[in-house]
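Quick notes on the structure that follows.
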2 protein chains.
Amino acid sequence: MSSDAIRAALIRRLRVSSGIAEEDIKEIEALPISVRQFPAETAVVRDGERATDCCLIADGFCARSKTIANGKRQILSLHIPGEIPDLMSLFLHVMDHDLSTLTPATLGFISHETLRKLHRRRPVVAEMFWRDTLIDAAMFREWIVNVGQRPAPARLAHVMIELRERLRIIGRVDGASFEMPLTQEQISEALGVTAVHANRVIRQLREEGIVELQRGRVTVLDEPRFLELADFDRRYLHQSPTL
Amino acid sequence: MSSDAIRAALIRRLRVSSGIAEEDIKEIEALPISVRQFPAETAVVRDGERATDCCLIADGFCARSKTIANGKRQILSLHIPGEIPDLMSLFLHVMDHDLSTLTPATLGFISHETLRKLHRRRPVVAEMFWRDTLIDAAMFREWIVNVGQRPAPARLAHVMIELRERLRIIGRVDGASFEMPLTQEQISEALGVTAVHANRVIRQLREEGIVELQRGRVTVLDEPRFLELADFDRRYLHQSPTL
DNA sequence: CCGCGTCCTTAACTTTTGTTGGAACCGGGC
DNA sequence: GCCCGGTTCCAACAAAAGTTAAGGACGCGG
């Protein structure tokens, strides 16, 4: 993966969410990024660690999670190429959660120092990144609602649609199907249910002819019922600079 | 409530979380703030609205929440004096959730324009506020874990301890007891359970001699068991500039 | 091509949580 | 003092989700 291609998805995302000026695109293209490959299911940064870099996903899927005393794990968010899942580490120095890969992934690392310098030079870029972390927080809010109020089938549908709408921005939705490379165990951790129950719910949605999920790929069979079940309101994704 | 007193709690909080310089305290003391009183249980800003000001809590308790299609409500966070619960509206122009009072409250409003000017003048203050919104997001992450993974009694204990630790910063914890002015209905919305179940859980904690909750006040009866039940790790509150 | 591990799948049973409906309590207004 | 509305509290029953246990599918490496 070329160094340019890595930046492309980021710029594409920033264009959609914040609207980005030509000069600032140049700045981002000039950013020194060191690239590393990670296998699937590997920790990138761990809870309790002090980060010195931010991590830009060039390729592959990642997730953030927290593990509680009894060993249970909760997935907090899913991340796709073009995103910087640990931008918050710029000001929250000690990680309060894990960031790990779901699939084999190519990650670009940008040092905190570099980013801080860029912020001083171009406050508008800082504000763009700030907005990015605020959208991140907006997604957490919706995730709370999902886990707190919706019955399990709706939770699953909601997570699926959120992922789809974000994949759409980077051109990764193929008709009625898109990637969702999580094991049922991981899905259960995202929904806050047990793996057995996640399996029941997946089967139920399949039996009702709403969605099919196999080998890391979702295929929507009945879009209207899927939408209704998920109770999805895209506003919280703030995918427009004026919102 | 004097205009100075309103700023005091904010400065106290910023001192603990970010460490704030004397010049910047002066800047904040000079901020034009317009004060308004709100009755209990009143919306301050609603989901879907476009905010033009940020709201600083001078006195009283507030909560943020979202309501889903079937009418159920999820409380996302509780807020106490000195906090700016809608700082995110500076860059996320359309609200994706409600902000409302729990008790009668005194709120100070600072216009977005004023804040933006301050940021341009003093980038360090902008970074401090950025960090504030990141801590907000860190609390959402923990809230997801709470609602997603912990059994209801632990959820209640966790919310109580989070509130206590934040009240402590502004000097509002009185020995083994502190304010928590929520009805059982509101508690149930915070925990993602029904009101009936919230009542069961409150009773259970009382019967086991762990905490007593009455008329908006929590009294801890058995601190060690309370802590153990809550599975509380304060790190996520990032209450130190170096964290 | 066999064996092993991971994931998926399912069933039976238990526990937690939701639902319904109603009684007791409490504070404020008349 | 008494009524009224909102809480708090509770019990009985229903539904959702957790637990345990075990078989089957599938891919990978020897």
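Reminder, nothing fancy here: chain letters follow the sequence lines and each chain counts from 1.
Nucleotide C:dG27 holds its P atom 11 Å from the CD atom of B:Gln214, rounded to whole Å. One can place CD of A:Gln204 at 14 Å from P of D:dA15, the figure rounded to the nearest angstrom. As a whole-Å value, the separation of A:His197 NE2 from C:dT14 P is 19 Å. Atom CD1 of A:Ile202 is separated from atom P of C:dC7 by 13 Å (rounded to the nearest Å). Atom CD in A:Glu41 sits about 18 Å away from atom P in C:dG5, given to the nearest Å. Rounding to whole angstrom units, CG of residue B:Leu156 and P of C:dT16 are separated by 16 Å. One atom, CD of A:Glu207, and another, C1' of C:dT10, lie 11 Å apart when rounded to the nearest Å.
None of A:Asp136, A:Asp47, A:Asp98, A:Asp96 except one satisfies the salt bridge (Lys or Arg N to Asp or Glu O under 4.0 Å) rule with A:Arg64; the exception is A:Asp136. Here the rule is side chain to side chain contact (heavy atoms under 4.5 Å, CB included) with B:Phe178, and of B:Met160, B:Arg168, B:Arg166 only B:Met160 fits it.
With D:dA11, D:dT19, C:dG18 as the choices, the nucleotide that has an atom nearest any side-chain atom of A:Lys72 turns out to be D:dT19. Side chain of A:Arg200, nearest nucleotide from D:dC10, D:dA17, C:dT17: D:dA17.
In terms of position along DNA chain D, the nucleotide closest to B:Leu213 lies nearer the 5' end than the nucleotide closest to the other residue of the pair A:Ala152 and B:Leu213.
Heavy-atom distances under 4.0 Å link DNA chain C to A:Thr183, A:Gln184 of residues 180-192 of chain A, given in residue order.
Nearest heavy atoms, A:Gly60 versus A:Thr103: CA-OG1, 3.3 Å. Shown here for B:Ser188 and B:Glu185, the closest heavy-atom pair between the two residues is OG-O, 2.6 Å.
Geometrically, A:Arg141 does not engage A:Tyr236 in a cation-pi contact defined by less than 6.0 Å to the ring centre and at most 45° from the axis.
Between the side chain of A:Arg215 and the base of D:dG27, no donor-acceptor pair of N or O atoms lies under 3.5 Å.
Regarding contacts with the backbone of C:dT9, a side-chain N or O of A:Asn199 is found under 4.0 angstrom from either OP1 or OP2. The shortest distance between the side-chain N/O atoms of A:Arg206 and the OP1/OP2 oxygens of C:dT9 is below 4.0 Å.
Taking 4.5 Å as the limit, every side-chain heavy atom of A:Cys55 sits out of range of all side-chain heavy atoms of A:Asp53.
Classified by interplanar angle (parallel below 30°, tilted 30° to 60°, perpendicular above 60°), the ring pair B:His158/B:Phe232 is tilted.
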